[in-house]
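The structure presented is a predicted model; accordingly, all values stated were derived computationally and were not measured. Sequence lines set the chain letters: A, B, ... in the order given, protein chains first and strands last, and positions in each chain run from 1.
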Number of protein chains: 2
Amino acid sequence: MSPVHRTEQRTAPGDRALDPLSFTLDRTSPVPLYYQFAQQLEAAIERGTLAPGNLLGNEVDLSARLGLSRPTVRQAIQSLVDKGLLVRRRGVGTQVVHSKVRRPLELSSLYDDLESAGQEPTTRVLRNERIPAPAEVAAALGIAEGAEVTVLERLRCTHGRPVAFLCNYLSASLLELPTQRLESTSLYRMMRSAGIVLHSARQSIGARSATAGEATLLEEKEGAALLTMVRTAYDVTGRPVEYGSHVYRASLYAFEFQLLVRP
Amino acid sequence: MSPVHRTEQRTAPGDRALDPLSFTLDRTSPVPLYYQFAQQLEAAIERGTLAPGNLLGNEVDLSARLGLSRPTVRQAIQSLVDKGLLVRRRGVGTQVVHSKVRRPLELSSLYDDLESAGQEPTTRVLRNERIPAPAEVAAALGIAEGAEVTVLERLRCTHGRPVAFLCNYLSASLLELPTQRLESTSLYRMMRSAGIVLHSARQSIGARSATAGEATLLEEKEGAALLTMVRTAYDVTGRPVEYGSHVYRASLYAFEFQLLVRP
DNA sequence: TAGTGGTCTAGACCACCGC
DNA sequence: CGGTGGTCTAGACCACTAT
């Protein structure tokens, strides 16, 4: 278990751990072959059948064994390299990465984050109306000042305790936002259901002291440290579709994520 | 300038904006062809020669015009899709994304961030010694408790004002860290120079109120909101190489970044 | 239906690594 | 030196989109 070992045991037993692995490819399936292979490879890594540090075996043999062409095998491997699960080195081979690289940063929904953490999130909609866009919002959404926008104010709780106060703006024409559905799912899920495909988002994460109003709402003391996030999300055409300003109780929430170093 | 337009003007003049563009490929260069093409494509987008919304023209024609095979052209295009500059849609084509997608989140160095923002960062090294690893540090770095580590405490300033207090731990055997060099460059640059190739990092960003000591050091009032970041960085073999705990003045600093939505 | 990107093949040569 | 990944080619067929 020494963490100092490097790349010994090139030919040690169990090195070509890929042999005992059985990969089943279904050529009649609509799922691309490279994707089928990538998923099975990822599953093998996930459950430890392919241990960290193990070499994958060279791509030529691999493709022969799988009955695939080398480019197809490479496409599968590359997708796992992009996820940070594998590392390729010329003249050496492809290895499983040691660390528990799991989630890279993604455009996350607080609701989804809490739900997947088993936190049973609930939402109280404090405000849901259509108003003329204030200047700041109009600028962020790239619309005319005074154009109709939907403003949402929500209080997100887990186990009955408030975690965050969320304020969001969307062009009113984009989407219907019934209060009832907002209380049982996430805004991003509703946008997705409405066919809005998100492409990117610009975020800024900061901190500040709670105002009296925020303190009351979030059950903190006035002046308590709060985490803040301001975000503009864009769809595939590059059009801004959502602008949000959120505050989180720093005592209950932090942003956690994994980064990959760009090569 | 209406931000509401979608994908009109399929056949409008100036649509095949790629025609007037001149791409020069050097087959004798060691730089891969797909990379040469990708760079010139990115430059054309950057300077607006390829305007947002423009279609690229189909890949078959494109490869013929460039004298490249289609997979090579696709590799170039794919790299820009991954960067968020282009969007591909089946049956439609490849378009330049509207928004000013620029920097995705990367494993950033505060020093480099400030420097590239023209903030003239300076560093005061408050502590630079070798100590037995405390339990928390040993756990993060995957070494034995009590093993020798280098501990760094630095104050980062811009324009003479303190911005952040940085505390970092590294295995002592990894790297020499002369105080003088630490005051004129970033820790990550020094690690890179020493041949340490970073692969990924796990970060947690939160907030809390300043202690009396932090307040004095950062020239804030006691209880002021501070941004906090805790980070463990890993090299290509998955070994933890650095553990850091940083606090930033929320009044002077925020984390800004662009995210791409995973497809 | 015509045009687009998505997938896949079966080769080839080169650059880098470790021995 | 042999083995590895990195790059590149010239085709092919399919799935999806728009008209």
Side-chain angles (χ1 to χ4, degrees), chain A residues 6-12 15-16 18 25-39 54-82 86-96 195 197 236-237 263, chain B residues 6-12 15-16 18 25-39 54-82 86-96 195 197 236-237 263:
Chain A
R6 281 189 171 281
T7 317
E8 293 94 285
Q9 62 177 25
R10 285 283 311 280
T11 54
D15 191 6
R16 295 206 321 287
L18 210 56
L25 298 173
D26 178 3
R27 298 190 95 96
T28 70
S29 161
V31 178
L33 293 171
Y34 81 89
Y35 192 78
Q36 293 183 37
F37 177 45
Q39 278 200 320
N54 277 163
L55 288 167
L56 226 58
N58 77 67
E59 298 175 351
V60 180
D61 288 356
L62 201 46
S63 44
R65 239 180 304 159
L66 290 167
L68 294 174
S69 69
R70 189 178 163 213
T72 301
V73 170
R74 276 182 63 81
Q75 191 176 359
I77 292 176
Q78 187 58 48
S79 69
L80 298 192
V81 170
D82 291 341
L86 296 176
V87 177
R88 288 209 247 228
R89 279 184 289 176
R90 247 202 264 231
V92 178
T94 303
Q95 282 181 304
V96 179
V197 180
V236 268
T237 73
Chain B
R6 281 191 171 277
T7 317
E8 292 94 281
Q9 65 178 22
R10 286 283 312 278
T11 55
D15 190 7
R16 296 208 320 285
L18 211 58
L25 299 173
D26 178 3
R27 298 191 93 98
T28 70
S29 161
V31 178
L33 293 172
Y34 81 89
Y35 193 78
Q36 293 183 36
F37 177 45
Q39 278 201 319
N54 277 162
L55 287 167
L56 228 59
N58 77 67
E59 298 174 350
V60 179
D61 288 358
L62 200 48
S63 46
R65 239 182 303 160
L66 290 167
L68 293 175
S69 69
R70 189 179 161 211
T72 302
V73 170
R74 276 183 64 82
Q75 192 175 359
I77 292 176
Q78 188 58 46
S79 70
L80 298 193
V81 170
D82 292 340
L86 296 176
V87 176
R88 287 209 249 227
R89 279 185 289 175
R90 247 202 263 232
V92 177
T94 303
Q95 283 180 305
V96 178
V197 180
V236 268
T237 72

Legend entry - Presence of donor-acceptor pair under 3.5 Å, side chain of A/Arg89 and base of C/dG18: no

Inset, instruction - Report the distance from atom CG of B/Leu86 to atom P of C/dT4, rounded to the nearest whole Å. - result: 16 Å

Inset, instruction - Using the closest heavy atom to pick a nucleotide of DNA chain C for each, name whichever of A/Tyr35 or B/Gly93 lands nearer the 5' end. - result: B/Gly93

Legend entry - Value in whole Å for how far the P atom of C/dT7 lies from CG of A/Leu33: 10 Å

Legend entry - Any A/Arg88 side-chain nitrogen or oxygen under 4.0 Å from OP1 or OP2 of D/dT4: no

Legend entry - Rounded interatomic separation in angstrom, taking CD from A/Gln75 and P from C/dT7: 6 Å

Inset, instruction - To the nearest 0.5 angstrom, please state how far the CZ atom of B/Arg74 sits from the OG atom of B/Ser79. - result: 12.0 Å

Inset, instruction - Look up atom CG in B/Asp82 and atom CG in A/Asp82, then write down how far apart they are to the nearest 0.5 Å. - result: 6.5 Å

Inset, instruction - Please report, rounded to the nearest Å, how far the P atom of D/dG3 is from the CZ atom of A/Arg90. - result: 18 Å

Inset, instruction - Give a yes/no on whether any side-chain N or O of A/Tyr34 is located under 4.0 angstrom from OP1 or OP2 of C/dT7. - result: yes

Inset, instruction - Hey, which sits more toward the 5' end of DNA chain C by its nearest nucleotide, B/Asn58 or A/Ser69? - result: B/Asn58

Inset, instruction - Name the closest nucleotide to the A/Glu59 side chain, picking from C/dC8, D/dG5, D/dT7. - result: D/dG5

Legend entry - Atom pair CG/OG1 of A/Leu62 and A/Thr94 - distance to nearest 0.5 Å: 9.0 Å

Inset, instruction - Tell me which nucleotide among C/dG5, D/dC8, C/dT7 gets nearest to the side chain of B/Thr94. - result: C/dG5

Legend entry - Whole-Å gap separating C1' (C/dG3) and CZ (B/Arg70): 12 Å

Inset, instruction - State the CG-CD distance between A/Leu68 and A/Gln36, to the nearest 0.5 angstrom. - result: 9.0 Å

Inset, instruction - Round to a whole Å and report the spacing from CG of A/Leu62 to C1' of D/dT4. - result: 13 Å

Legend entry - Proximal nucleotide (of D/dG11, C/dG5, D/dC8) relative to the B/Pro71 side chain: D/dG11

Inset, instruction - State the CD-CD distance between B/Gln78 and A/Gln78, to the nearest 0.5 angstrom. - result: 10.0 Å

Inset, instruction - Whole angstrom is fine here: how far is it from CZ in A/Arg27 over to P in C/dG6? - result: 20 Å

Legend entry - Nearest-Å distance for atom pair CG/C1', residues A/Leu55 and D/dT4: 10 Å

